[in-house]
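A quick write-up on the structure given underneath.
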Amino acid sequence: MSSVSLCVIATGKYDGFVPRLIESARRYFLHGRDVTYSIFTDSVIILTESSRSFNPYLTPHLPWPLPTLLRYHEMTRTIRGYDYTFYIDADMEFVRPVGDEILGDLVAVQHPGFFGKPRHEFTYETNPRSRACISAHEGTHYFAGGFQGGSREHYGKATAWMRDAINEDLRNHAIAEWHDESHWNRYLASMPPSIILSPDYCSTPQMRHDTRKIVALDKEHEALRS
Ligand code: GAL
């Protein structure tokens, strides 16, 4: 059976979201498959919880926006060990079954804020100093950063590419407006995803309730990003 890793970055105050997310994943995420929860954290409680399906990795907490920007650096530590790797934001929750329909080489979710909107409204990076920059003739969808993934080979290549692009940006003191999400969109503008999921896989509390599969919880951004 294929092995799957679900990666979560949970440093600083984000550790508090982990129990609820993992409980919902055990119930709804690829139920019956061989799933390992890969948790990147500085929480002593989580770090001592290691079990066969729960793998915490010691990850220092850094000032915002580095924890989100360096997600690909963390994931490339583990990606080779699994047939498929997915990333999910810590402050999300599975509310309906997410099954084999997501098992593909490069899997992206259409951002709920831009679904059905024209290309000129997308918030692609336009600063040419950033490696995430997308020119006016590129890009067909705007993808959300909060849930994404794919196969060892294809998502592995994507995460290594984004890690290197983000390193270059940091050396040049350029930070893309939407951080990792900008780089994910940049990568996908050149390498289109093999599976495009609807916004139900990265939905907001305000969206229709009857089809949502993964929901972002309401949160106090400023308090969490300390
Ligand atoms: C917002 C979302 C951000 C980012 C942004 C892109 O709705 O909260 O995380 O995705 O859209 O424009």
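Note that ligands are numbered from 1 as they come in the structure, with each ligand's atoms numbered from 1 the same way.
- For ligand 1, the atoms lying closer than 4.0 Å to a non-hydrogen atom of Glu181 are 4 (C), 6 (C), 10 (O).
- Shown in contact with Phe114 at under 4.0 Å from a heavy atom are these atoms of ligand 1, numbered in order with element: 6 (C), 12 (O).
- Within a 6.0 Å sphere centred on CD of Glu168, other residues, nucleotides and ligands contribute more than 12 heavy atoms.
- Residues in residues 112-125 take part in these side-chain hydrogen bond (donor to acceptor under 3.5 Å, both in side chains) pairs, two or more places apart or across chains: Thr123-Tyr142.
- For the side chain to side chain contact (heavy atoms under 4.5 Å, CB included) test with Ile102, the passing option among Ile195, Leu30, Val4 is Leu30; the others fail.
- Ranking the protein heavy atoms by distance from atom 3 (C) of ligand 1 puts Trp178 CZ3, 3.6 Å first.
- For ligand 1, the polar-atom distance check against His111 finds a nitrogen or oxygen pair separated by under 3.5 Å.
- Under the ring-ring contact (aromatic ring centres under 6.0 Å, His included) criterion, Tyr201 pairs with no residue, sequence neighbours left out.
- In this structure, atom 6 (C) of ligand 1 lies nearest to the protein heavy atom Thr123 OG1, 3.3 Å.
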*Apply ring-ring contact (aromatic ring centres under 6.0 Å, His included) to Tyr87 and Phe147, showing your working.*
CA-CA 6 Å; Tyr87 165 88; Phe147 183 66; 8.6 Å; no
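- Checking atom 8 (O) of ligand 1 against the protein gives no heavy-atom contact under 4.0 Å.
- Aromatic pair His179/Trp64: ring centres closer than 6.0 Å.
- Heavy-atom contacts of Tyr142 reach the following atoms of ligand 1: 6 (C) (cutoff under 4.0 Å).
- Not a single heavy atom of Phe122 sits closer than 4.0 Å to an atom of ligand 1.
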